[in-house]
Number of protein chains: 4
Amino acid sequence: MTDRRQTPPDANRRSEASRRAILMAAFELVGEVGYARLSIEGIAARAGVGKQTIYRWWPSKGAVLFDAFLSLSEGQEGDAALPDTGDLEADLKEVLRATVAELTDPRFDEPMRALNTEIATDPELAARYAEQLEEPMKELKKTRLRKAQEAGQLPADLDLDVAVDLLWGAVHRRWLYRSGPLTSDYADAVVKTALTGLYAR
Amino acid sequence: MTDRRQTPPDANRRSEASRRAILMAAFELVGEVGYARLSIEGIAARAGVGKQTIYRWWPSKGAVLFDAFLSLSEGQEGDAALPDTGDLEADLKEVLRATVAELTDPRFDEPMRALNTEIATDPELAARYAEQLEEPMKELKKTRLRKAQEAGQLPADLDLDVAVDLLWGAVHRRWLYRSGPLTSDYADAVVKTALTGLYAR
Amino acid sequence: MTDRRQTPPDANRRSEASRRAILMAAFELVGEVGYARLSIEGIAARAGVGKQTIYRWWPSKGAVLFDAFLSLSEGQEGDAALPDTGDLEADLKEVLRATVAELTDPRFDEPMRALNTEIATDPELAARYAEQLEEPMKELKKTRLRKAQEAGQLPADLDLDVAVDLLWGAVHRRWLYRSGPLTSDYADAVVKTALTGLYAR
Amino acid sequence: MTDRRQTPPDANRRSEASRRAILMAAFELVGEVGYARLSIEGIAARAGVGKQTIYRWWPSKGAVLFDAFLSLSEGQEGDAALPDTGDLEADLKEVLRATVAELTDPRFDEPMRALNTEIATDPELAARYAEQLEEPMKELKKTRLRKAQEAGQLPADLDLDVAVDLLWGAVHRRWLYRSGPLTSDYADAVVKTALTGLYAR
DNA sequence: TTATAATCGAGACGGTACGTCCCGTCTTGCG
DNA sequence: CGCAAGACGGGACGTACCGTCTCGATTATAA
């Protein structure tokens, strides 16, 4: 049941050293010259690798960059969970502040934008992204919210996907379009407003 | 207002026919081949125009595409305002449904994604985008919310920017990352959840 | 006879089946795609053989092709001799006509051209060619001429190398450069003219 | 009646400087690294030219090399004629010695072999070669022989093409296959033998 | 009869060059 | 002077092969 297309490369013979050199080179370069100027040619040269070795294992420079991100987030997840002190608002503020900090980190800003660009464009890559990075994270978020639901802090019929979109969508939008200052205060305001709602009471 | 570098092109002599042909060609092509494969060379050929005529008036293919969008939304704004029936929830739902409809329209999806990724990458273009398209739209949204504030439906100290981010951020995120079905129902859920807040009451 | 570099391949263990498959594949391919597009990679694939098996036993694709030719002409020589009816002119015409026929045969034309250009370029190969194919043939030709010398038909001080060059050089040149029709009549004319000389008498 | 294929390059706009730089680079490089290692890439780099500029005007590296040869022999022909002192044998010896000298000149040997290789392989190039270089030369040779015919030195029914093949074919063959020393003496022997014929008299 | 060492197929690897596309600049000739 | 046309030097694309280098899996001596 191992349906492979055409003559598949033999993954057993794959050079782990080359793989790592390529991912590292890709990540470095995208930070240095930006995604638009990132080239397979450049990655290969920096990694000390033949171009064919990249083309053999990745379908596009976006896919390389994606794996570079994946390999960064590898190992550090495991049994990770969002903080749960019982105080939902405080916990969410902490998490969103962390998100803001990451998006603001100059070391990650450029590559992350590049990855976002690629994902917005390439549905196949988007699917991999969703499955391997986004969904696990989202599950953590929903788990925390579900706890709050069980504690009666959130209504039982709340659509958790909508809730997550509300919270992270706002932050992400401000980051991506630079439509305003992206600060801890902003994160706090988003959490507070989302929790209590726009309506006056 | 005269700080132009070198000898500026004389806008009076500019060929309106060429300008329009270029913008149309750009918009069509981005829909056909995607932003990545869109080229100045291709636009010039399709528009029956010399490459120099494009380089004379636009700094990048992103800028051309941007103007193509601008020229689409031209004339149709004017005194536009968001609906105001007094029922804030109903009005917001109508507007967000319209947003969803536009983002879902296959004729606009590809070009819009292209524009978005370009804006995420190019800060200068992002500034023009903010000024010429985003801000006017945002002002309309805030105006409607301010009306509700004055009517006492929303608290006086509500940060309207956060409110807008909450509502449109969620929708935009779902569109850009295809992270779930983008439907009228979703728009409704976003509006309702944002207005009443996540908290159980 | 032991000056081989490194650990010499053990010819006893050599796979005769692979050797033959390689030579056959090389000969076929050069006829199909021409010498310029002939590749070791292609020969290996056609022969169902690893590339290393070729590199182990041959130094270049020219050498492979050369051996392919050698293996063709094997066995058919032995005690061969040129015809000797006593009539020098008739005998030479017969031989040159045969040469013309061979050069004209479409099955041999492409490969033969390939071999010739390779020999013109690679002196080492040229030496092997001279020794293993050209010299034996030339010796047969000179033997026939020497008989004629002994019979008094040719002057004793005639340089037989020059004579052979005159006769076969003309034919070969017309073939290689396609500088005119290569026919039996041409062969006859060459023989007759060379024998009697250009001078009117 | 100017049937051109597809969109022909506009020869009026062609850069003469680039053309010359390319031909010079090609000629130099073929002498330095040999034809096999000659590359379009290398020619472009040496000439300080984009690869496309070569591909725009020439179909193959062989064609470039060919034009490089053409441009060498340009201007120097004009009203050229072979020497005619009345002494056919002396005149032919002089000409064949010159041929030998040229073929022996190390500055020309490699490039000339390369050109020969290419011509033997590519019929289209061979046609151009025949028309632009070989035929004019051959015509000069035949003209000289025709003079001798008119003077009664050569029989009226002598096939001049065969005569030329006999003389130059022998020399050319010895050069191309390095089948023996290529000297003035050899040239003399060829002329003498061809004129008087092999037959003893 | 077994180890043991070389050959074999396969194909990944670091490279070079291919021929193509497009970049952004420059030049030419028309209106 | 703007324009269409398009040649130019250059950079990168994705592909084809180069010659070298492991991998097991056969073989065919030599212990």
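All values reported here derive from a predicted model rather than from experimental measurement. All chains are named by letter (A, B, ...) in the order of the sequence lines, taking the proteins before the strands, and each is independently numbered beginning at 1.
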To the nearest Å, how far apart are B/R46 CZ and F/dA4 P?
16 Å
Heavy-atom contacts under 4.0 Å between residues 15-34 of chain A and DNA chain E, which residues?
A/S15, A/S18
Would you say the side-chain atoms of A/R178 pair up with the backbone N or O of B/A120, donor to acceptor, closer than 3.5 Å?
yes
Does the side chain of C/L23 reach to within under 4.5 Å of the side chain of C/W58, using non-hydrogen atoms?
yes
Run the salt-bridge test on C/R19 and C/E16 with the 4.0 Å N-O cut-off and return the result as yes or no.
yes
Partner residues of C/A47 under the side-chain contact (heavy atoms from CB on, under 4.5 Å) criterion, sequence neighbours left out:
C/A21, C/I22, C/A25, C/V49
Distance, rounded to the nearest Å, where A/I43 contributes CD1 and F/dG11 contributes P:
18 Å
From CZ of D/R14 across to C1' of F/dG9 the rounded distance in Å is 16 Å
Pairs involving residues 63-72 of chain A, ordered by first then second residue, that meet salt bridge (Lys or Arg N to Asp or Glu O under 4.0 Å) (sequence neighbours left out):
A/D67-A/R128
5' priority, DNA chain F, between B/T53 and D/G48 [closest heavy atom]:
B/T53
Could you tell me which residues satisfy side-chain contact (heavy atoms from CB on, under 4.5 Å) with D/E32, sequence neighbours excluded, listed by chain and number?
D/E28, D/L29, D/R46
Under a 3.5 Å distance rule, please check whether D/K61 uses its side chain to pair with a backbone N or O of D/A26 as donor and acceptor.
no
Is A/W57 close enough to E/dG11 that one of its side-chain N or O atoms is under 4.0 Å from OP1 or OP2 there?
no
When you match B/G50 and D/R56 each to their closest nucleotide on DNA chain F, which lands nearer the 5' end?
B/G50
Which nucleotides of nucleotides 18-31 of chain F have their base under 4.0 Å from a protein heavy atom (B), which only their sugar-phosphate (S), and which neither (-), written as one string 5' to 3'?
BBBB-B----B---
B/R37 has an atom CZ; how far is it from atom C1' of E/dC23, in whole Å?
17 Å
Under the side-chain hydrogen bond (donor to acceptor under 3.5 Å, both in side chains) test, residues paired with B/K51 that sit two or more places apart
B/E41
